[in-house]
There are 4 protein chains.
Amino acid sequence: MDGARIALIPLCKNEYIDEEDGDFTIPTSQFSSSLPPMQRPDEKKRRDIMKIAEAAFAARPFHEVRLEEIAARARIGKGTIYIYFRSKENLLVEILREGLGDLQASIERRLLQCPDESVAKLRAIVTELATFAISRPYMYSLVRSVLPRSCETGLSGIHKGIVKKIVEVIEKGVERGDFADTHPALTAHYLLGAVRGVAISGPGKLSAEEFAEHLMVVFGRGLCAREGASR
Amino acid sequence: MDGARIALIPLCKNEYIDEEDGDFTIPTSQFSSSLPPMQRPDEKKRRDIMKIAEAAFAARPFHEVRLEEIAARARIGKGTIYIYFRSKENLLVEILREGLGDLQASIERRLLQCPDESVAKLRAIVTELATFAISRPYMYSLVRSVLPRSCETGLSGIHKGIVKKIVEVIEKGVERGDFADTHPALTAHYLLGAVRGVAISGPGKLSAEEFAEHLMVVFGRGLCAREGASR
Amino acid sequence: MDGARIALIPLCKNEYIDEEDGDFTIPTSQFSSSLPPMQRPDEKKRRDIMKIAEAAFAARPFHEVRLEEIAARARIGKGTIYIYFRSKENLLVEILREGLGDLQASIERRLLQCPDESVAKLRAIVTELATFAISRPYMYSLVRSVLPRSCETGLSGIHKGIVKKIVEVIEKGVERGDFADTHPALTAHYLLGAVRGVAISGPGKLSAEEFAEHLMVVFGRGLCAREGASR
Amino acid sequence: MDGARIALIPLCKNEYIDEEDGDFTIPTSQFSSSLPPMQRPDEKKRRDIMKIAEAAFAARPFHEVRLEEIAARARIGKGTIYIYFRSKENLLVEILREGLGDLQASIERRLLQCPDESVAKLRAIVTELATFAISRPYMYSLVRSVLPRSCETGLSGIHKGIVKKIVEVIEKGVERGDFADTHPALTAHYLLGAVRGVAISGPGKLSAEEFAEHLMVVFGRGLCAREGASR
DNA sequence: TATGAATGAGCGTTCATTCAT
DNA sequence: AATGAATGAACGCTCATTCAT
């Protein structure tokens with residue numbers, strides 16, 4: 001049994017991992033990530049469903065969420081969900097795609113409006129992350145906790161896009177001598193992870209502003225090039 | 001055996017009769033302290049199951065993990081799992097409890113061995129977190145997968161214990177003038193979240209040492225009292 | 001739909017959040033009074049299932065009856081049973097409730113139509129009991145097969161109702177001097193037990209009429225006030 | 001669906017009934033009814049188990065009785081039961097066989113001691129039945145409620161033996177002009193059923209003597225030859 | 001002989017999904 | 001488009017039975 005060392009070393013971060021012997025083949029899920037956006041007879045109803053479902057998926061783990069319950073809460077028939085979404089998993093994916101898409105969009109919008117200065121850009125990102133974390137805290141709890149197969153669904157693309165944006169800002173700051181960081185990608189993950197950690201299990205009663213401010217203190221200093229007492 | 005008089009005298013005609021002592025829990029020895037050297041639930045087998053199951057739970061989301069498959073991989077009968085664990089959820093909880101418990105224990109051990117100095121203590125914690133993240137990355141991905149009910153399962157207690165340890169170190173550092181932090185609890189969550197983020201979706205090919213070192217740079221600076229250009 | 005504001009705002013970080021209204025029972029229409037002329041649970045199908053299941057429960061003991069088999073015989077899906085019945089036990093209870101209810105109803109109907117005379121009333125009851133025993137003999141064999149919990153299921157209520165009816169008739173007869181019986185409740189149980197005994201293990205090839213007639217002879221005499229050589 | 005009339009008319013009273021299409025073949029149970037009495041290493045322990053199990057089988061329906069519970073109550077290992085009994089069903093059969101055997105034996109003993117007179121003989125039987133019903137009321141609840149396949153187990157033989165004894169007494173009484181009964185076998189079933197009915201659901205607080213006395217009044221009169229106003 | 005850990009067939013039940021209306 | 005009754009594959013779990021000790 002000792003020889004049977006488990007081989008579940010994550011081959012590919014960012015994704016649920018497959019096993020050594022291939023027995024655990026992840027069934028190719030049935031969602032094309034790009035969206036020939038299905039006819040949406042009633043866009044408002046679609047949003048309703050997503051809103052209700054977001055709450056439900058946040059309230060309990062995926063396998064405990066019943067579509068019947070979502071339908072009942074949305075005051076529609078169970079079958080109706082299938083007019084707007086291909087499956088339960090697809091429903092969640094769409095919710096996350098939208099949520100992360102919103103976040104990505106608002107980060108990009110904010111960056112465009114902001115002066116081309118390293119700390120200001122960092123602040124722009126941090127502010128958006130904090131606002132998102134406070135206003136839609138459960139979005140975070142969904143991202144990876146329940147979601148396998150994020151590659152196929154295009155979600156990891158959005159996630160990577162956000163990471164990339166942060167990395168760019170840090171790298172630009174390093175170039176300019178404003179920041180000192182030997183591994184900006186790591187730092188980007190710190191930032192996202194930190195925000196997520198607070199969103200999920202952080203202290204209650206925290207305003208987005210306080211949160212952003214504190215993040216700026218810690219990460220601003222942490223990235224600051226001017227000195228470096230790490231010891 | 002004569003004293004064991006049966007108490008099932010029908011108290012009430014017309015109905016099946018209940019037993020004197022109500023719930024009569026069968027004294028399932030469940031690892032009872034000491035038994036005749038007969039067969040006993042096998043602690044090693046319990047660990048085997050947990051090891052296999054940890055891999056399975058890491059490989060796919062909770063609702064796609066089949067106990068039958070775990071049993072097959074562990075080369076035991078399906079029912080055997082239920083000798084050692086109350087339910088599928090309990091199995092996962094035990095895995096997490098053990099994992100988080102290990103982490104907590106190693107942090108505490110390391111803190112005891114380490115000089116009573118703020119940065120050294122921070123380093124001790126960071127080193128353990130990084131080591132854990134690299135060596136058991138999927139532990140992190142599990143934490144929220146069935147973690148509603150985390151209160152009842154005692155898991156959140158362990159998590160809080162770890163947070164508390166970090167907070168203590170930061171607060172002590174602040175008292176001594178080594179650290180500057182207006183909200184240590186937030187920072188503790190940043191640290192845990194950051195580690196988690198890297199464990200789950202961070203860049204591959206990262207050694208625990210590199211990881212710890214980089215964390216120390218960012219968070220060490222971020223906490224550093226000596227100056228503070230967050231702007 | 002705007003008023004249906006989602007209440008799933010995480011009240012408590014660090015834990016999956018519960019819903020405002022707790023148990024939120026889905027308004028499964030379960031034969032709700034009036035619905036748009038859409039599909040509705042089909043009362044006829046319910047009866048079909050009960051008919052098939054009655055046969056199955058009569059053919060073997062409870063724990064050997066397979067719902068899958070009942071479903072197959074009824075040519076429906078296994079899940080469909082659960083649309084109409086809460087559980088296997090509930091299915092049996094409903095069968096019994098209906099059966100005993102029928103018996104009770106037919107006894108009461110017959111009593112209303114019959115002249116207000118002691119022997120005639122006894123005959124009315126006996127006739128219905130005999131008819132029931134001959135036409136649905138397995139109903140009797142079911143009565144106690146899952147009848148712990150008979151209180152909770154309301155079955156014992158029906159049974160008691162029947163007993164009470166018989167007792168009333170006897171007591172009236174005693175009042176009038178037609179019957180002599182010091183313990184009518186006992187006699188009522190004799191009658192039911194006797195019928196049950198014959199239904200279950202009595203001689204075959206017995207018509208309801210013969211049976212009723214013979215019962216009348218034995219119990220008619222047994223109750224008769226006119227003389228009393230019990231010795 | 002109308003044509004699909006259920007064919008579960010009990011072909012053979014006294015046994016669970018098979019279905020028209022033979023799908024429901026009752027698995028030949030694995031107990032020889034006659035007893036090469038297996039080595040009984042410890043006869044006392046065997047009795048203990050039976051005593052405990054009798055209570056358990058009386059307390060809940062067959063399928064809810066756990067051998068583990070019986071073992072625990074008897075303070076023996078689960079496997080030990082299988083030293084004394086071939087299976088769970090066999091355990092129940094043995095309990096019933098013994099119980100009914102006791103009843104049969106005591107009836108026969110009493111009949112031998114009693115004057116050769118019709119009413120006295122009836123009284124002998126009734127007294128034993130009443131005593132049995134009062135002192136071991138749950139024996140009755142077991143006899144048919146849980147037990148399929150009684151033919152193969154030899155139980156129905158004992159039951160038939162008792163019926164036969166009663167029938168003999170009645171027939172002798174008829175021959176002698178003491179009793180009038182056109183169908184003694186039916187009456188025998190009445191008697192057994194009546195006793196069973198009282199044992200299971202009759203009024204509480206009834207002494208064996210009262211019970212026997214009342215039975216004699218009703219059945220004594222019911223069988224009495226001297227007159228016959230059943231109308 | 002006695003044990004109780006181990007087994008695994010087999011169950012009741014659920015719920016995402018389909019489809020007739 | 002909308003519905004919800006119907007489905008049935010697939011699950012978690014139980015427990016009578018076996019067997020190594």
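Just so we're on the same page: letters track the sequence lines, and every chain starts at 1. Predicted model only: the values in this text are computed from it and were never measured.
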Without decimals, in angstroms, what is the distance between A:Tyr82 OH and E:dA16 C1'? 4 Å

Using atom CD of D:Glu68 as one end and atom C1' of E:dT7 as the other, report the distance to the nearest whole Å. 14 Å

Just call it for C:Ile76: base, sugar-phosphate, or nothing, with non-hydrogen atoms closer than 4.0 Å on any strand. sugar-phosphate

Six-ring centre of B:Phe62, B:Lys88 cation under 6.0 angstrom, axis tolerance 45°: yes

Would you kindly give the CD1-to-P distance between C:Ile49 and F:dT7, to the nearest whole Å? 9 Å

E:dT3, OP1 or OP2 - any side-chain N/O from D:Thr80 closer than 4.0 Å? yes

Under-4.0 Å side-chain N/O to phosphate OP1/OP2 contact, A:Lys45 with F:dA1: no

Heavy atoms from C-beta onward define the side chain here; which of F:dC13, E:dT17, F:dA6 lies closest to that of B:Leu67? F:dC13

Can you tell me the distance, in whole Å, between the CG atom of A:Asp48 and the P atom of F:dA2? 12 Å

Apply side-chain hydrogen bond (donor to acceptor under 3.5 Å, both in side chains) to A:Glu98 and list each qualifying residue two or more places apart in sequence or on a separate chain. A:Arg47

Can you tell me the distance, in whole Å, between the CG atom of A:Asp42 and the P atom of F:dA1? 11 Å

Paired and unpaired positions of DNA chain E as dot-bracket, Watson-Crick or G-U wobble under 3.5 Å, | denoting a partner strand: .||||||||||||||||||||

Establish whether the base of E:dT17 is bridged to the side chain of A:Lys78 by a donor-acceptor pair shorter than 3.5 Å. yes

Taking for each residue the nucleotide of DNA chain E with the nearest heavy atom, is it D:Gly77 or A:Val65 whose nucleotide lies nearer the 5' end? D:Gly77

Is any side-chain heavy atom of A:Leu91 closer than 4.5 Å to a side-chain heavy atom of A:Tyr84? no

C:Arg97: side-chain hydrogen bond (donor to acceptor under 3.5 Å, both in side chains) partners, not counting sequence neighbours: C:Glu94

Separation of F:dC13 atom P from D:Arg66 atom CZ, nearest Å, is 16 Å

Tell me the interatomic distance from A:Arg60, atom CZ, to E:dT14, atom C1', rounded to whole angstroms. 15 Å

DNA chain E nearest-nucleotide lookup for A:Gly79 and C:Gly79: closer to the 5′ end is C:Gly79

Apply side-chain contact (heavy atoms from CB on, under 4.5 Å) to D:Lys78 and list each qualifying residue two or more places apart in sequence or on a separate chain. D:Glu68, D:Ala71

Okay, side chain of C:Arg86, backbone of C:Ile83: is any donor-acceptor separation there less than 3.5 Å? no

B:Ile76 CD1 to B:Ile52 CD1 distance, which is reported to the nearest 0.5 Å: 9.0 Å

Measure from CZ on A:Phe85 to P on E:dC15 and round the result to the nearest Å. 21 Å

